[in-house]
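For reference, the structure discussed in these notes is given below.
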Amino acid sequence: MTIEIQPSINVKTAIESRRAARSFKPDPIPPAILAEILRLGVRSPSGYNLQPWRFIVLQDPASKQKLKACAFDQRQVVEAPTVLICCGDRRAAGPENTEAVIELGKTTGAMNDNLAGYMRQAIPQLFENRPCFDSLETWTNRHTMLAVAHLMIAAKSFGVDSCPMEGFVSAKVKEAFQIPEEVDVCCLLPLGYAAEPFKQYGGRFEVTQVYYSESYGQVLSVEI
Ligand SMILES: Cc1cc2nc3c(=O)[nH]c(=O)nc-3n(C[C@H](O)[C@H](O)[C@H](O)COP(=O)(O)O)c2cc1C
């Protein structure tokens with residue numbers, strides 16, 4: 001019998017109560033909950049469903065200690081029971097990955113010959129002409145960070161805190177964890193249970209400061 005795990009916190013509350021945790025209790029995340037968070041994280045969308053994100057899951061204290069030395073000694077990296085090194089693999093732009101996505105689509109019934117033919121023609125053009133991004137790293141980063149957002153909200157819905165981190169030296173992380181040259185490290189994501197009260201909430205800009213109407217900078221009227 002499979003028991004489905006349900007989160008205890010709804011999406012709105014998870015979004016509003018998620019904060020960047022700077023300190024973690026040593027308590028491990030129960031394996032079934034961690035597995036569910038990881039599964040939900042990669043339900044994130046991606047262009048042509050190419051899914052370029054890759055994650056190294058650290059739970060061994062020695063690995064986390066190694067990562068701390070690449071992350072300006074930030075303590076959350078060793079305190080959190082689980083830390084993800086969130087990467088984007090530029091090789092996902094290649095034909096092998098397109099074929100893997102086509103095969104995957106066949107298993108769910110979402111793929112047919114027409115769509116497969118279209119993907120085989122359109123995806124190489126996207127990466128050759130690059131109308132939507134300047135570099136492949138922009139492309140890997142765009143997708144991986146969306147998955148990171150999913151991970152953080154999924155985690156919070158199960159009461160698990162997180163801290164997205166760009167404070168690391170990419171070259172050092174790549175060397176220490178045997179990350180191939182074609183793979184970009186997008187962020188680190190400690191996961192666990194916050195040990196200290198969160199920092200005072202820093203606030204967010206007003207909706208009307210960051211959402212515009214019809215053209216950039218034009219005031220949007222919203223009823224909230
Ligand atoms: C991409 C990214 C990188 C960040 N890097 C770090 C970091 O290296 N160390 C850290 O303590 N917090 C880091 N943060 C957390 C931010 O400081 C925090 O999200 C922000 O101050 C807003 O606070 P809140 O998330 O608690 O609402 C990062 C957040 C993001 C989204």
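Below, each value reflects all heavy atoms present in this structure, side chains not excepted, and no hydrogens, waters or symmetry copies. Both counts, for ligands and for their atoms, begin at 1 and track the order of listing.
- Placement of Met165 and Val183 within a single hydrophobic cluster is found when ILVMFWY residues are connected by side-chain heavy-atom separations under 4.5 Å, directly or transitively.
- Close contacts of ligand 1 with Ala20, meaning ligand atoms under 4.0 Å from a residue heavy atom, involve 15 (C), 18 (C), 19 (O), 24 (P), 25 (O), 26 (O).
- In the candidate list Glu166, Arg22, Met165, Arg22 is nearest to atom 15 (C) of ligand 1, counting heavy atoms.
- Judged by distance alone, the side chains of Ser213 and Gln218 never bring a donor and an acceptor atom under 3.5 Å apart.
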Salt bridge (Lys or Arg N to Asp or Glu O under 4.0 Å) between Arg90 and Asp184, intermediate numbers included: CA-CA 8 Å; Arg90 280 174 257 138; Asp184 305 308; 2.7 Å; yes

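- For an aromatic pair to be called close, the ring centres must be under 6.0 Å apart, and Phe127 with Phe133 satisfies this.
- The N/O atoms of Tyr201, backbone and side chain alike, include none that comes under 3.5 Å of an N/O atom in ligand 1.
- Under the 4.5 Å side-chain heavy-atom criterion for Ile, Leu, Val, Met, Phe, Trp and Tyr, Val185 and Leu189 are members of distinct hydrophobic clusters.
- For Ile123 against Ala93, the heavy-atom pair with the smallest separation is CG2-O, 4.3 Å.
- Protein heavy atoms come within 4.0 Å of atom 28 (C) of ligand 1.
- Heavy-atom contacts of Gln74 reach the following atoms of ligand 1: 7 (C), 8 (O), 9 (N), 10 (C), 11 (O) (cutoff under 4.0 Å).
- Across the listed options Arg19, Arg204, Arg75, Arg19 owns the non-hydrogen atom lying nearest to atom 26 (O) of ligand 1.
- If you number the atoms of ligand 1 from 1 as listed, the ones under 4.0 Å from a heavy atom of Arg18 come out as 24 (P), 25 (O), 27 (O).
- Checked against a 3.5 angstrom limit, the closest N/O atoms of Met145 and ligand 1 fall outside it.
- Under the 4.5 Å side-chain contact rule for hydrophobic residues, Met111 and Tyr118 share a cluster.
- Close approach of ligand 1 to Gly167 (heavy-atom distance below 4.0 Å) involves ligand atoms 8 (O).
- Counting only heavy atoms of the protein, atom 31 (C) of ligand 1 lies nearest to Pro164 CG, 3.9 Å.
- Partner of Glu36 under the side chain to side chain contact (heavy atoms under 4.5 Å, CB included) criterion, out of Leu34, Ile33, Leu40: Leu40 alone.
- Proximity of Lys199 to ligand 1 is not established, as no heavy-atom distance is less than 4.0 Å.
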